*Asks:* 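I have a structure I would like to understand better, so I am pasting it below and will then ask my questions one at a time.
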Protein chains: 2
Amino acid sequence: MKLPPLVQAFVLHFGEMGSRWGINRTVGQIYALLYVSPDPLNAEQIVEALGVSRSNVSMGLKELQAWNLAIPKHIPDDRRDHFTTPDDVWQILRTLAEERKKREVDPTLSVLRELLMQTPGNAEERHAQQRMAEMHGLIEQLTTWYDDVKRLETERLASLLALGARVTRLLEAKDKVVGLVRGRTPASARES
Amino acid sequence: MKLPPLVQAFVLHFGEMGSRWGINRTVGQIYALLYVSPDPLNAEQIVEALGVSRSNVSMGLKELQAWNLAIPKHIPDDRRDHFTTPDDVWQILRTLAEERKKREVDPTLSVLRELLMQTPGNAEERHAQQRMAEMHGLIEQLTTWYDDVKRLETERLASLLALGARVTRLLEAKDKVVGLVRGRTPASARES
DNA sequence: CCGATATTTCAGAAATTCCTGAAATGTCGG
DNA sequence: CCGACATTTCAGGAATTTCTGAAATATCGG
């Protein structure tokens with residue numbers, strides 16, 4: 001691996017973290033490399049930069065594409081595929097959340113739903129089902145919130161984050177002013 | 001493994017999902033079993049229920065304790081350690097978020113900080129550092145938000161979620177009424 | 001259709017992670 | 001301190017995942 005020290009450190013770190021994130025080292029490194037590269041890279045360049053096999057890069061790119069974390073950029077007069085990462089980090093965040101939900105949450109939700117349909121055979125099962133219902137309720141609420149938030153464009157999402165928990169304090173005031181808001185700005189009131 | 005069908009299905013599912021969550025099958029199964037059990041279980045009971053080795057259970061319990069997802073309950077007149085999961089699912093969510101942040105986010109944040117301190121040697125490194133700065137900014141904002149929200153007690157967190165993205169619409173109204181709110185509720189106005 | 005180039009597939013080697021049984025260690029009542 | 005029981009440690013075998021090189025497939029200009 002021959003890369004500028006700064007880039008190399010970044011790439012190696014992502015390789016290491018990869019395992020904690022459920023992706024393998026090579027995939028993490030490829031992502032990191034594409035992320036900091038000024039221009040799209042082709043597979044051969046990645047091979048040279050990372051010192052891994054061509055086929056490994058091919059598989060890694062395929063996985064990154066499945067995650068929507070690497071996107072092919074066609075370069076004129078060049079048959080080879082070139083790849084970048086989406087450039088808006090907020091978009092990346094959304095993508096990551098979406099994919100992780102799909103892989104890590106949805107299957108559990110569907111299993112829980114199925115198990116909650118069944119009739120418990122005894123007290124032990126009844127208690128288990130009760131606990132499953134609690135978990136199901138939590139996950140449903142989280143995914144509902146997520147579905148709600150994920151459509152926000154970057155700017156609003158950022159300001160929502162910036163507001164953070166202070167929202168709840170604003171909420172305390174909400175009841176006091178909501179009727180007033182409705183009266184003055186019918187358009188925004190309809191949306192709330 | 002001899003368990004009521006409902007429990008068994010739940011336990012097996014958590015075992016399968018374990019790998020996607022960065023924990024191993026046994027740990028996932030132990031957690032699931034404790035989660036649905038009406039009473040705390042000791043290691044030997046877990047061995048019987050899951051059909052894995054005693055030492056495996058010992059290691060699994062150790063890991064779950066490190067995650068704060070299994071807590072020892074002392075049972076009078078019994079030398080053996082018994083374990084449960086925290087019972088409030090919202091608390092579990094907080095714990096999970098905290099631990100994942102610690103393992104998956106904090107190390108990256110610290111690497112990024114370090115790399116951003118260094119002086120880039122050329123245009124390529126300068127660009128890389130620029131991208132790292134973007135990522136750093138995003139993560140910082142997320143963790144700030146998280147630190148802000150994590151202290152909320154269950155009830156408020158739930159209502160914050162229930163509100164979801166509708167908050168932003170409320171925000172639009174905020175500017176229009178903020179002076180009014182200030183006049184009526186000085187405390188909440190200071191915070192907005 | 002051919003030759004040149006690019007990419008993918010895939011069997012098995014390499015690396016890593018998981019799990020077990022045996023031994024070591026810890027803890028308690030007496 | 002001893003003996004009974006409970007738990008932890010850990011070396012190495014088992015299982016899984018990752019990676020490679022070779023072969024197969026795809027794509028293009030001519």
Side-chain angles (χ1 to χ4, degrees), chain A residues 1 11-12 14-34 40-67 69-84 103-104, chain B residues 1 11-12 14-34 40-67 69-84 103-104:
Chain A
M1 189 188 300
V11 164
L12 288 179
F14 264 66
E16 296 307 317
M17 292 305 281
S19 52
R20 302 199 193 181
W21 278 84
I23 62 177
N24 66 43
R25 180 166 56 247
T26 307
V27 171
Q29 290 184 350
I30 294 175
Y31 177 78
L33 180 64
L34 293 179
L41 301 179
N42 65 42
E44 202 53 53
Q45 292 172 305
I46 298 172
V47 166
E48 284 164 31
L50 301 183
V52 296
S53 75
R54 180 66 183 75
S55 52
N56 199 2
V57 168
S58 176
M59 291 189 295
L61 283 171
K62 230 175 92 183
E63 182 166 353
L64 284 173
Q65 283 175 278
W67 278 79
L69 286 178
I71 51 186
K73 282 275 183 215
H74 194 68
I75 302 247
D77 298 332
D78 193 334
R79 278 178 56 191
R80 294 167 297 183
D81 281 342
H82 290 243
F83 295 88
T84 351
R103 285 155 226 255
E104 302 183 355
Chain B
M1 189 188 295
V11 163
L12 289 179
F14 264 66
E16 296 308 315
M17 293 305 282
S19 52
R20 303 198 192 181
W21 278 86
I23 62 177
N24 66 42
R25 181 167 56 246
T26 308
V27 171
Q29 291 184 350
I30 295 175
Y31 177 77
L33 179 64
L34 293 179
L41 301 180
N42 66 42
E44 202 53 51
Q45 293 172 305
I46 298 172
V47 166
E48 283 165 31
L50 301 183
V52 297
S53 75
R54 180 65 183 75
S55 53
N56 198 3
V57 169
S58 176
M59 291 190 295
L61 283 171
K62 230 175 92 182
E63 182 166 353
L64 284 173
Q65 283 175 278
W67 280 80
L69 287 179
I71 51 185
K73 283 274 183 215
H74 193 71
I75 302 250
D77 298 332
D78 194 333
R79 277 177 57 190
R80 296 166 296 182
D81 281 340
H82 289 243
F83 297 88
T84 350
R103 292 162 167 78
E104 302 182 355

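The structure displayed is predicted, hence computed values, not measured ones. Here is the naming used below: chain letters follow the sequence lines, and residue numbers restart at 1 for every chain.
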*Asks:* Please identify each residue that fulfils side chain to side chain contact (heavy atoms under 4.5 Å, CB included) with A:D81, with sequence neighbours left out.
*Replies:* A:F83

*Asks:* Taking CG from B:D77 and P from D:dC5, how many angstroms apart are they, rounded to a whole number?
*Replies:*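 Roughly 16 Å, once rounded to whole Å.
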
*Asks:* What's the CD-P distance between A:E48 and C:dA6, to the nearest Å?
*Replies:* 12 Å

*Asks:* My understanding is that only residues two or more places apart in sequence, or in another chain, count here; which of them pass side chain to side chain contact (heavy atoms under 4.5 Å, CB included) with B:R54?
*Replies:* B:A43, B:E44, B:V47, B:S58

*Asks:* What is the distance from CD of B:E63 to P of D:dT7, rounded to the nearest Å?
*Replies:*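 It is 19 Å, rounded to the nearest whole Å.
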
*Asks:* Please list, one pair per line, the donor and acceptor atoms closer than 3.5 Å that link side chains of residues 23-31 of chain A to other protein atoms, with sequence neighbours excluded.
*Replies:*
unit_1, atom_1, unit_2, atom_2, d
A:N24, OD1, A:T26, N, 3.2
A:N24, OD1, A:V27, N, 2.9
A:T26, OG1, A:N56, ND2, 3.1

*Asks:* Please name all residues satisfying side chain to side chain contact (heavy atoms under 4.5 Å, CB included) with A:K73, sequence neighbours left out, ordered by chain then number.
*Replies:*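 Side chain to side chain contact (heavy atoms under 4.5 Å, CB included) list for A:K73, sorted by chain: A:P40, A:T84.
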
*Asks:* What's B:N42 touching, base or sugar-phosphate or nothing? Going by heavy atoms closer than 4.0 Å.
*Replies:*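 Nothing, no nucleic acid heavy atom in range.
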
*Asks:* A:Q45 CD to C:dT7 C1': how many Å, rounded?
*Replies:*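 In whole Å, C:dT7 C1' lies 16 Å from A:Q45 CD.
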
*Asks:* Over how many whole Å does the gap from B:I75 atom CD1 to D:dA6 atom C1' extend?
*Replies:*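 Taking CD1 of B:I75 and C1' of D:dA6, I get 15 Å after rounding.
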
*Asks:* Starting at atom CG of A:L50, determine the distance to atom C1' of D:dT20, rounded to an integer number of angstrom.
*Replies:*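 So the two atoms are 15 Å apart, to the nearest Å.
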
*Asks:* Five pairs at each end of the helix from C:dC1-D:dG30 to C:dG30-D:dC1: take the axis at both ends and give me the angle between them to 10°.
*Replies:*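 One end's axis against the other's: 30°.
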
*Asks:* Are side-chain heavy atoms of B:L41 and B:L61 found at a separation under 4.5 Å?
*Replies:* no

*Asks:* Considering heavy-atom distances to DNA chain D, does A:S53 or B:H82 have its closest nucleotide positioned more toward the 5' end?
*Replies:* B:H82

*Asks:* Distance check: side-chain N/O of A:R54 vs OP1/OP2 of C:dT7, anything under 4.0 Å?
*Replies:*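 Indeed, a polar side-chain atom of A:R54 lies that close.
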
*Asks:* Listed by chain and number, what are the salt bridge (charged side-chain N to carboxylate O under 4.0 Å, His left out) partners of A:R80, not counting sequence neighbours?
*Replies:*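 Applying salt bridge (charged side-chain N to carboxylate O under 4.0 Å, His left out) to A:R80 gives A:D78.
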
*Asks:* For A:E104, give me all partners under salt bridge (charged side-chain N to carboxylate O under 4.0 Å, His left out), at least two apart in sequence or on another chain.
*Replies:* A:R100, B:R100

*Asks:* Report all interatomic pairs (protein N or O, nucleotide N or O of nucleotides 27-30 of chain C) with separations under 3.5 Å.
*Replies:*
unit_1, atom_1, unit_2, atom_2, d
C:dT27, O2, B:R79, NH2, 2.9

*Asks:* Within residues 55-62 of chain A, find the residues that approach DNA chain C with a heavy atom at under 4.0 Å, and present them sorted by residue number.
*Replies:* A:S55, A:S58, A:K62

*Asks:* Could you state the interatomic distance from CG (B:N42) to CZ (B:R79), rounded to the nearest 0.5 Å?
*Replies:*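 Spacing of CG (B:N42) from CZ (B:R79) equals 13.0 Å.
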
*Asks:* Can you name the residues that form a side chain to side chain donor-acceptor pair (under 3.5 Å) with A:S53, not counting sequence neighbours?
*Replies:* A:S55

*Asks:* For B:L64 and D:dT8, give me the distance from atom CG to atom C1', rounded to whole Å.
*Replies:*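 Rounded to whole Å, this separation is 16 Å.
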
*Asks:* Run A:L50 and A:L33 through side chain to side chain contact (heavy atoms under 4.5 Å, CB included) and show every step you take.
*Replies:* CA-CA 9 Å; A:L50 301 183; A:L33 180 64; 4.2 Å; yes

*Asks:* Tell me the interatomic distance from A:D78, atom CG, to D:dT27, atom P, rounded to whole angstroms.
*Replies:* 17 Å

*Asks:* Among residues 20-29 of chain B, which residues get a heavy atom nearer than 4.0 Å to DNA chain C?
*Replies:*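 Listed by number, they are B:N24, B:R25, B:T26.
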
*Asks:* Go through the structure and list residues passing salt bridge (charged side-chain N to carboxylate O under 4.0 Å, His left out) with B:R103, not counting sequence neighbours.
*Replies:*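 Listed in chain order: B:E99.
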
*Asks:* Can you work out whether A:F83 or A:S19 has the more 5'-proximal nearest nucleotide on DNA chain C?
*Replies:*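 Going by which nucleotide is closer to the 5' end, it is A:F83.
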
